[in-house]
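See structure below.
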Amino acid sequence: MTTPALLPLSGRRIPPLNLGPPAFPHHRATLRLSEKFILLLILSAFITLCFGAFFFLPDSSKHKRFDLGLEDVLIPHVDAGKGAKNPGVFLIHGPDEHRHRVEVNILSRVHADMKSEIPWSQGFGRNNIQPVQIHREEEERLRNKIRADHEKALEEAKEKLKKSREEIHAEIQTEKNKIVQEMKTKENKPLPPVPIPNLVGINGGDPEDIEIRKKRDKIKEMMKHAWDNYRTYGWGHNELRPIARKGHSTNIFGSSQMGATIVDALDTLYIMGLHDEFLDGQKWIEDNLDFSVNSEVSVFEVNIRFIGGLLAAYYLSGEEIFKIKAVQLAEKLLPAFNTPTGIPWAMVNLKSGVGRNWGWASAGSSILAEFGTLHMEFVHLSYLTGDLVYYKKVMHIRKLLQKMDRPNGLYPNYLNPRTGRWGQYHTSVGGLGDSFYEYLLKAWLMSDKTDHEARRMYDDAIEAIEKHLVKKSRGGLVFIGEWKNGHLEKKMGHLACFAGGMFALGADGSRKDKAGHYLELGAEIARTCHESYDRTALKLGPESFKFDGAVEAVAVRQAEKYYILRPEVIETYWYLWRFTHDPRYRQWGWEAALAIEKYCRVSGGFSGVKDVYSSTPTHDDVQQSFFLAETLKYLYLLFSGDDLLPLDHWVFNTEAHPLPVLHLANTTLSGNPAVR
Ligand code: DMJ
């Protein structure tokens, strides 16, 4: 029923709602006197009713109304019994008796206030605060909080809309992983223990020869100099600027201070017997190493330096914290595998799980040496946690690579993770390709030589490399070139010098009993790389060197003349030393150590140099974390006995972090915690 005469019309004109004749004259903008009187009467009757209800109803019902506002609607009955176990978390009974577990930090504070230790009566007198006023304040506080939460949710929704489908997909996946992980933790099923592999030779290796011992002591002193200065000037930062005497970082570590040098250096400190320093590093990790940061890191670098470093520290010391941190970090890397092919992105944001590739990589490709250098660490993670997810990720990559066509049997360095197709046909045993080959061999060694598939892939790849990339210069130096744009570039990078050690390490077990051949090939590479050092003013090797006409093992372009404390040449000397005991390798290693001491040491640590052909070196002012993880470790091992980390029990990851051989033939990769 309509009551047109009583409608409070103002001077605004209201358009007719139907097409029929108007129900009342729309042109009239004011009320008649009688109409105004009736309206006033109704209003005053309504107000009287309200007041009456408030004053004449019994007290309890007033409180009930008030409680409905706070207690029953926002703070349902608290089951203090269970909640007490977990501060801030209470069991809440909703109006329909469904029970919800919710975080009620603020609300529990309200409760605490209401049941305050100060009786209300006292409170009145002392503080002159009225309970109703407190309720109102709390009510207001809650309202503000609800408003703020609402606005935050709106903001988040807006942010989400700005993101690409892939980003949103990755975030959803991360959330899912988190939930799965939480469920697993809640299940709390004890996993069967895994036998800890035979940890042979984690200390010792004292050389009998006093001269060798002195050299080893010198290397230890260099390590202490590098560590102490990092401790003083760069503690917690990823790396050190030894001249500016402050912390340093690069984009591979993202925007956070993750203490890369600490994690990378731990196992070197351990085997050198620098136990106080080791404990100092452990303490920092326990207290500060946190991976829930909004930071985009390199999956490869974080895997080889952090996961590799933490796992090695765990195996050497037996300290659970290192294993826990390694697993926490590995979980954060998993979203990087959420690509159409399962080939991981190069970078991942540790918080959001969003991944992407380097802008410079051919057509959005992932890099062979990056996605191909995860196997060792991931197998160990599965072994220690009993969770096959890590193992499956790396085996998936392997299976995918096996199915692909390989031009001339070579693996190109670029692979598109969306299409599963190769990017640019560029093959190298140096940067972009290197550790992929290394990990095929080491997967086999690490499995106690039971992973025959890995060995087969390694053998096939090495045969193709030898056929197409390994050449001899006019002066008789054997080098490994790079396949680029359909021809062989006669250039070898410092990074490729690790291959001398790899060939030697893979000699035993090679096809057609070519062990001697591969040991010889390794020795040739070691000689060539030594020449690249010997032909400079500083006796330190350039970043890359050419074999072009009269130029042999020398850098030509200015941009290739730097030395950034890299380990690969010394690494190769050490492997060759272990397999041949030819004293030349110790001699070459010592030459390199002296050159580093003379030209790279500064009072604030060690620095790279910009031009190894200039007798007055300019420093780059960076002490790389791999200098402590690899360069100094390999030097120390070079002057140690073979009983320190023997190669039939330990396999070094590509960052020189030793991981024990797993006798996987007898193990089903299921187990946790480890039994030491
Ligand atoms: C190290 O981080 C690793 O050895 C990696 O495989 C490539 N090279 C750097 C040091 O040169």
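Whatever order the structure lists ligands and atoms in, that order sets their numbers, starting from 1. Predicted model, so just to flag it, every value in this text is computed and none were measured.
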(request) Compute whether any side-chain donor of one residue and acceptor of the other, for Glu296 and Trp345, lie under 3.5 angstrom apart. (result) no
(request) Fit a plane to each ring of Phe337 and Phe378, take the angle between them on a 0 to 90° scale, and name the class: parallel (under 30°), tilted (30 to 60°) or perpendicular (over 60°). (result) tilted
(message) Below 30° counts as parallel, above 60° as perpendicular, anything between as tilted: where do the rings of Phe579 and Tyr575 land?
(response) parallel
Which residue and non-hydrogen atom of the protein lie closest to [atom], and at what distance in Å?
atom                    : result
atom 2 (O) of ligand 1  : Glu655 OE1, 2.6 Å
atom 4 (O) of ligand 1  : Thr654 O, 2.7 Å
atom 10 (C) of ligand 1 : Glu568 OE2, 3.3 Å
atom 7 (C) of ligand 1  : Leu495 CD2, 3.9 Å

(request) Considering the heavy atoms of Phe626, write down every atom of ligand 1 situated less than 4.0 Å from one of them. (result) 2 (O), 10 (C)
(request) Using modelled atom types only, decide if a donor and an acceptor are shared between the side chain of Lys539 and the backbone of Asp534 within a distance under 3.5 Å. (result) yes
(message) Given 3.5 Å as the limit, does a donor-acceptor pair link the side chain of Ser625 with the main chain of Glu239, or not?
(response) no
(request) Could you tell me whether Glu277 and Lys224 make a salt bridge, using a distance below 4.0 angstrom between a side-chain N and a carboxylate O? (result) yes
(request) May I ask you to check whether Glu630 has an N/O atom sitting below 3.5 Å from an N/O atom of ligand 1? (result) yes
(message) Regarding ligand 1, does Glu301 bring an N or O atom to under 3.5 Å of one of the ligand's N or O atoms?
(response) no
(message) Once you restrict to heavy atoms under 4.0 Å, what part of Pro567 touches ligand 1? Side chain, backbone, both or neither.
(response) side chain
(request) Heavy-atom distances under 4.0 Å are what count here, so tell me which part of Gln624 touches ligand 1: side chain, backbone, both or neither. (result) neither
(message) Would Arg305 count as a contact residue for ligand 1, given that I'm defining contact as a non-hydrogen atom of the residue lying under 4.0 Å from a ligand atom?
(response) yes
(request) From the options Lys449, Arg455, Arg578, select the one residue that forms a salt bridge (Lys or Arg N to Asp or Glu O under 4.0 Å) with Asp508. (result) Lys449
